[in-house]
2 protein chains.
Amino acid sequence: MNTLSYGLLSLISHSPLSGYDLMLKIQPFWPAKHSQIYPLLANMEKENQVTFELVSQSDKPDKKVYSITAEGIESLKLWLTEPASDPVMRDELMLKAYCVSFVDPAISRKLFIDRLEYYHMKLQRYKDKIANIQKADGLKEGEVPSYRSPLFGAYILLNKALMSCRTNIEWCEWVLSVIPPEEK
Amino acid sequence: MNTLSYGLLSLISHSPLSGYDLMLKIQPFWPAKHSQIYPLLANMEKENQVTFELVSQSDKPDKKVYSITAEGIESLKLWLTEPASDPVMRDELMLKAYCVSFVDPAISRKLFIDRLEYYHMKLQRYKDKIANIQKADGLKEGEVPSYRSPLFGAYILLNKALMSCRTNIEWCEWVLSVIPPEEK
DNA sequence: GAGAGCATGTAAGTGGTTACATGATTCC
DNA sequence: GGAATCATGTAACCACTTACATGCTCTC
């Protein structure tokens with residue numbers, strides 16, 4: 001059971017999901033490819049943390065839908081009592097930013113303009129998701145789901161994503177404002 | 001030449017550094033252990049991206065101090081013209097946050113209190129560093145080094161670190177304000 | 001019929017961590 | 001003498017990515 005396994009278990013704990021669904025859902029919090037996820041699910045099934053059910057679909061291929069077991073819930077609770085390890089952020093733009101002085105402002109600006117676009121795209125997606133949660137829980141704007149609501153976790157996470165995204169946008173715009181517009 | 005190699009090259013481009021120094025300096029932007037860095041430096045030396053000089057020290061063990069070559073500078077410039085790959089963030093706290101509802105508020109609170117302390121520590125370190133840069137470049141509070149200054153990159157990066165840190169602190173405090181204080 | 005999305009898996013290779021190994025120097 | 005920091009390296013292992021492989025279903 002590594003960190004990604006616990007992450008998958010977290011998602012499954014809220015509602016049964018297929019490996020494919022898990023792969024899509026976990027991206028914002030812990031990027032992982034399907035090739036990493038499927039073997040972990042098989043292991044967790046062997047260790048009775050999850051069970052699966054084969055679900056036939058008429059409009060799509062069949063799938064394995066995983067559910068958490070009582071044993072899995074206990075593992076999750078135990079894991080939550082342990083301190084979280086330090087966050088790891090790896091961003092090539094940070095490395096490039098360190099030596100932008102070597103190249104023309106136009107080249108530097110492009111890096112930050114691209115990144116700005118990336119964050120604007122993310123921002124819109126997070127906004128949509130948070131609106132969905134509020135609709136699902138019948139909440140008004142800015143109202144927070146109750147601590148015991150299964151949506152509480154998703155809500156605080158989306159807020160974090162939203163806040164980080166806005167900060168990143170602010171930073172990119174500031175950097176663009178301090179890079180000279182042109183140079184020959 | 002992978003991303004970490006270019007990151008090392010970025011740092012070396014500003015001033016000659018030993019493998020040990022590089023290991024310490026690159027942590028905030030691209031965490032890496034010495035065991036990963038030393039072999040990459042040896043490779044880059046073989047490919048004439050960097051050269052090293054053995055420096056004897058009286059108060060400390062001898063070291064290899066690496067400098068960038070003309071060829072290395074060209075590689076850096078070329079790398080800067082390529083778009084930066086998407087940032088990767090992996091934070092165990094995000095996964096735990098998703099299922100905090102399963103445990104008592106006291107256990108959840110601890111996770112965020114610990115993280116808050118972590119970010120406060122970081123914040124102080126970044127503040128100190130930014131003050132050092134402004135002193136080194138003879139700048140006033142809020143004044144930005146010129147684009148061509150070798151400190152420009154470090155300055156914008158430290159600002160990013162500072163802003164992100166503050167946003168994370170804000171988020172942790174908000175989460176603590178929406179987790180009920182106790183429960184029996 | 002081709003392409004895109006859904007769905008699951010394995011194999012090979014790279015990136016990154018932990019552990020092993022050594023040794024100098026300084027401070028307590 | 002022991003612990004901490006500086007300094008460099010290798011080996012084994014785990015995490016992660018890319019590529020290979022297969023097949024269903026829907027839309028154009």
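We name chains A, B, ... by the order of the sequence lines, and we start the count at 1 in each one. Hydrogens, waters and symmetry mates play no part in the numbers below; they use all other heavy atoms, side chains included. None of these values were measured; they are calculated from a predicted model.
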Rounded interatomic separation in angstrom, taking [atom1] from [X] and [atom2] from [N]:
X	N	atom1	atom2	answer
I26(B)	dG15(C)	CD1	P	14 Å
L8(B)	dG15(C)	CG	C1'	13 Å
Y66(A)	dA7(C)	OH	P	13 Å
L40(A)	dT17(D)	CG	P	12 Å
L17(A)	dT8(C)	CG	P	11 Å
L54(B)	dA7(D)	CG	P	13 Å
I37(B)	dA7(D)	CD1	P	14 Å
L22(B)	dC6(D)	CG	P	14 Å

Next item on the list: Count the heavy atoms of every other residue, nucleotide or ligand shown that sit under 6.0 Å from CD of E117(B), and state whether that count exceeds 12.
Entry: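 Atom CD in E117(B) is not packed in, count stays at 12 or less.
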Notebook entry, point to check: Above 12 or not: heavy atoms from other molecules or residues under 6.0 Å from CD of E143(A)?
Noted result: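 Count over threshold, so yes.
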Under 4.0 Å from OP1 or OP2 of [N]: is there any side-chain N or O of [X] that close?
X	N	answer
Q36(B)	dG16(C)	yes
K64(B)	dG9(D)	yes
W30(A)	dC16(D)	yes
R90(A)	dG16(C)	yes
Y20(A)	dT8(C)	no
K33(B)	dT18(C)	yes
Q57(B)	dA24(C)	no
Y38(A)	dG9(C)	no

Margin query: Students often get this wrong, so: under 4.0 angstrom with heavy atoms, is S35(A) touching a base, only sugar-phosphate, or nothing?
Written below: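 Result for S35(A) = base.
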Notebook entry, point to check: Does K63(A) or P39(A) map to a spot on DNA chain C nearer the 5' end, using the closest nucleotide for each?
Noted result: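 The residue closer to the strand's 5' end, by nearest nucleotide, is K63(A).
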Notebook entry, point to check: Is it the case that D128(A) and Q124(A) place a side-chain donor and acceptor less than 3.5 Å from each other?
Noted result: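 On atom types as modelled, these side chains qualify, holding a pair under 3.5 Å.
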Next item on the list: For the residue pair W79(A) and E74(A), confirm or rule out a side-chain donor-acceptor distance under 3.5 Å.
Entry: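 There is no such pair between these side chains.
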Check: Starting at the 5' end of DNA chain D, which residue's closest nucleotide do you reach first, H34(A) or L4(A)?
Finding: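 Whichever sits nearer the 5' end wins; that is L4(A).
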Notebook entry, point to check: Toward the 5' end of DNA chain D, which comes first, N2(A) or K60(A), by nearest nucleotide?
Noted result: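 First, find each residue's nearest nucleotide; the 5'-ward one identifies N2(A).
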Next item on the list: Please determine, for the side chain of D59(A), which listed nucleotide (dT25(D), dA19(D), dT8(C)) has the closest atom?
Entry: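 So the side chain of D59(A) is nearest to dT25(D).
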Note to self: Apply salt bridge (Lys or Arg N to Asp or Glu O under 4.0 Å) to residues D114(A) and K96(A) and explain how you reach the verdict.
What the structure shows: CA-CA 13 Å; D114(A) 287 353; K96(A) 294 195 175 187; over 6 Å; no
Note to self: Out of the candidates W171(B), Y118(B), Y119(B), W174(B), only one should pair with F112(B) under the ring-ring contact (aromatic ring centres under 6.0 Å, His included) rule; please name it.
What the structure shows: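 Going through W171(B), Y118(B), Y119(B), W174(B) one by one, the ring-ring contact (aromatic ring centres under 6.0 Å, His included) with F112(B) is satisfied by W171(B) alone.
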